Amino acid sequence: MICSGVSVSVNVWSMLVNGFFRSGEPRKAVDLFNKMGCSPNLVTYTSLIKGFMDYGMVDEAFSVVRIVQSKGLAADIVLVNVMIHTFTRLGRFEEARNVFLHSLKKGADQYTFATILSSLCLSRDFDLGITIGTETELDLVMGNSLMNYLCKVGNTLAALKVFRNMSNRDLALDCYTYTGFLTALCQGEAYGHALNMYDEIVKRKGIRIDAHFHTVMIDSLVELGEYGSAMRLFNRCVLEKRELDVVSYTVAIKGLVRGRRMEEACSLLEKMKDDGVMPNARTYRTVISGLCGEKDKDRLRKVLRECIEEGVELDPNTKFKVVSLLSRYTRDCSEFRSVFEKWRENVGVSDSYDELAVSAG
DNA sequence: GTAGGGTTAG
């Protein structure tokens with residue numbers, strides 16, 4: 001269209017800018033924006049803000065926000081939703097909440113509620129002082145988000161009610177929905193029923209089940225202290241070649257640690273690597289604090305060696321436990337002396353705050 | 001039928 005001189009509307013330019021961001025070519029999106037043959041509008045700016053945020057280009061995103069403001073363009077509902085999402089991703093929950101409260105007066109929709117519910121969960125500040133979206137008819141994503149929120153605040157019955165509501169409608173329930181359902185059942189002390197439902201959902205045709213779904217069931221059993229049952233389910237998932245990821249293995253390891261089965265926990269740590277799933281800092285933390293708890297110095301040294309070899313950085317808490325245990329035995333920690341030195345140097349600097357920070361995507 | 005937005009775990 002451009003080469004043949006056909007006039008390209010602002011709609012088409014906006015679609016192209018958005019499309020290049022979404023297909024992983026932010027450079028082209030920006031080039032095209034700069035070459036637009038007409039002036040951009042709110043839709044174009046919204047695509048830019050979202051696009052920049054998706055690539056972690058926070059300053060660029062906010063420079064577009066300032067352009068919108070300086071042009072006196074009023075944000076519509078889509079931009080409002082993008083801004084709630086943007087502030088949330090940056091951990092700026094207060095601002096997300098303010099934008100949301102402002103949007104209530106002008107008509108929030110399902111996207112708004114899904115976003116703010118997730119924001120509240122992330123901020124761990126569940127008290128918004130208002131009820132959310134009771135006037136709005138649930139759609140799939142908002143329903144999923146609401147169930148998740150209700151489970152987190154401990155309102156299990158309300159979560160189950162949302163599930164029933166969703167089931168009675170013409171919604172194509174998905175992985176998120178069933179995961180929320182199982183979480184609620186386990187929280188409601190109906191884990192036997194949850195296990196039956198789990199089996200039934202896995203057998204059902206046409207539902208894509210992901211690692212998250214299996215992991216939630218396994219983790220719920222672990223949290224209920226049903227370690228044997230949790231491990232049977234995990235092993236069954238392995239045998240049946242279900243999709244499992246690093247979180248699934250870590251949750252299973254947590255079950256073994258809680259059940260004080262450290263030998264098996266260490267074997268599973270090895271097995272996951274054989275299965276092609278690389279342990280991360282959280283996995284090592286689970287095993288290592290378990291070994292510290294059991295004062296199992298020999299296994300601890302072996303696992304710590306691997307952790308260091310693989311370049312996985314532990315959290316400050318776990319480092320402290322390791323040093324407390326091993327430094328009492330000079331002979332046992334000689335091989336780690338330089339590593340411990342480095343840990344001491346870093347105390348109090350950035351990495352201590354990592355756990356407080358919220359991922360910017 | 002005609003641009004842009006949303007939900008999950010250890």
Side-chain angles (χ1 to χ4, degrees), chain A residues 8-19 21-22 29 36 38 40-51 53-54 64 68 75-86 88-89 96 99-100 103 108-122 133 136 138-152 162 166 171 173-184 186 209-220 222-223 230 234 244-255 257-258 279-287 289 315:
Chain A
V8 176
S9 70
V10 64
N11 295 24
V12 172
W13 285 112
S14 299
M15 285 176 79
L16 289 169
V17 169
N18 191 41
F21 272 122
R22 292 188 12 166
M36 274 178 69
C38 57
N41 63 15
L42 196 61
V43 175
T44 328
Y45 292 128
T46 306
S47 294
L48 279 175
I49 294 167
K50 164 102 185 350
M53 284 304 298
D54 287 343
V64 179
V68 172
D76 64 6
I77 185 159
V78 178
L79 181 54
V80 161
N81 293 340
V82 168
M83 289 315 298
I84 297 172
H85 194 211
T86 296
T88 299
R89 291 161 80 167
V99 177
F100 168 73
S103 79
D109 66 1
Q110 286 109 331
Y111 284 68
T112 324
F113 291 118
T115 314
I116 195 66
L117 285 165
S118 141
S119 182
L120 293 174
C121 290
L122 276 169
T136 311
L138 295 176
D139 70 359
L140 177 66
V141 177
M142 179 181 165
N144 290 345
S145 199
L146 186 55
M147 264 210 280
N148 187 282
Y149 169 86
L150 291 169
C151 284
K152 288 218 165 82
V162 170
M166 292 172 75
L171 302 173
L173 306 186
D174 65 5
C175 234
Y176 290 74
T177 325
Y178 292 116
T179 301
F181 179 47
L182 293 185
T183 306
C186 289
I209 296 297
D210 62 3
H212 195 132
F213 175 80
H214 303 295
T215 307
V216 159
M217 192 63 239
I218 297 164
D219 189 44
S220 296
V222 170
E223 290 301 323
F234 175 79
L244 296 174
D245 64 8
V246 58
V247 183
S248 322
Y249 279 86
T250 305
V251 164
I253 289 173
K254 179 179 78 171
V257 170
R258 295 246 182 112
N280 62 21
R282 200 61 183 258
T283 321
Y284 278 112
R285 173 168 113 178
T286 306
V287 178
S289 42
D315 59 290

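For clarity, every value in this text was computed on a predicted model and none was experimentally measured. What you see below is based on every heavy atom in this structure, not just the backbone, and it leaves out hydrogens, waters and symmetry mates.
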Please determine, for the side chain of [X], which listed nucleotide ([options]) has the closest atom?
{"X": "Ala114(A)", "options": "dT7(B), dG10(B), dT8(B)", "result": "dT7(B)"}
{"X": "Asp219(A)", "options": "dG10(B), dG6(B), dG4(B)", "result": "dG10(B)"}
{"X": "Val141(A)", "options": "dA3(B), dG10(B), dG6(B)", "result": "dG6(B)"}
{"X": "Lys152(A)", "options": "dT7(B), dG4(B), dT8(B)", "result": "dT8(B)"}
{"X": "Thr115(A)", "options": "dA3(B), dT8(B), dG6(B)", "result": "dG6(B)"}
{"X": "Met15(A)", "options": "dA9(B), dA3(B), dG6(B)", "result": "dA3(B)"}
{"X": "Val246(A)", "options": "dG10(B), dG4(B), dG6(B)", "result": "dG10(B)"}
{"X": "Tyr176(A)", "options": "dG6(B), dG10(B), dT7(B)", "result": "dT7(B)"}
{"X": "Thr179(A)", "options": "dA3(B), dG4(B), dT8(B)", "result": "dT8(B)"}

Residues which pass side-chain hydrogen bond (donor to acceptor under 3.5 Å, both in side chains) with Asp109(A), listed by chain and number, not counting sequence neighbours
Asn81(A), Thr112(A)
For atom [atom1] of [X] and atom [atom2] of [N], their distance in whole Å:
{"X": "Met147(A)", "N": "dA9(B)", "atom1": "CE", "atom2": "C1'", "result": "15 Å"}
{"X": "Arg22(A)", "N": "dG4(B)", "atom1": "CZ", "atom2": "C1'", "result": "9 Å"}
{"X": "Phe213(A)", "N": "dT7(B)", "atom1": "CZ", "atom2": "P", "result": "21 Å"}
{"X": "Met217(A)", "N": "dT8(B)", "atom1": "CE", "atom2": "P", "result": "21 Å"}
{"X": "Met83(A)", "N": "dG4(B)", "atom1": "CE", "atom2": "P", "result": "19 Å"}
{"X": "Asn280(A)", "N": "dG10(B)", "atom1": "CG", "atom2": "P", "result": "13 Å"}
{"X": "Asp109(A)", "N": "dG4(B)", "atom1": "CG", "atom2": "P", "result": "15 Å"}
{"X": "His212(A)", "N": "dT7(B)", "atom1": "NE2", "atom2": "P", "result": "13 Å"}

Under 4.0 Å between any heavy atoms, over every strand shown, what does [X] touch: base, sugar-phosphate, or nothing? Just pick one.
{"X": "Val12(A)", "result": "nothing"}
{"X": "Ile84(A)", "result": "nothing"}
{"X": "Val247(A)", "result": "base"}
{"X": "Thr283(A)", "result": "base"}
{"X": "Val10(A)", "result": "base"}
{"X": "His85(A)", "result": "sugar-phosphate"}
{"X": "Leu140(A)", "result": "nothing"}

Treating [X] as the side-chain partner and [Y] as the backbone partner, does any N or O pair qualify as donor plus acceptor under 3.5 Å?
{"X": "Asp219(A)", "Y": "Val222(A)", "answer": "no"}
{"X": "Ser119(A)", "Y": "Thr115(A)", "answer": "no"}
{"X": "Ser47(A)", "Y": "Val43(A)", "answer": "yes"}
{"X": "Ser103(A)", "Y": "Phe100(A)", "answer": "yes"}

With respect to the phosphate group of dT8(B), does any side-chain polar atom (N or O) of Ser118(A) fall under 4.0 Å of OP1 or OP2?
yes
Phosphate contact (dT7(B) OP1 or OP2) by Asn148(A) side-chain N/O below 4.0 Å
no
Could you tell me whether the side chain of Asp76(A) has a donor or acceptor atom within less than 3.5 Å of a complementary atom in the base of dG4(B)?
yes
Donor-acceptor pair present, Thr250(A) side chain and dG10(B) base, under 3.5 Å:
yes
Residues in side-chain contact (heavy atoms from CB on, under 4.5 Å) contact with Met166(A), at least two apart in sequence or another chain:
Leu138(A), Leu140(A), Asn144(A), Met147(A), Val162(A), Leu171(A), Leu173(A), Thr177(A)
Would you say Arg258(A) and Glu223(A) make side-chain contact, with heavy atoms under 4.5 Å?
yes
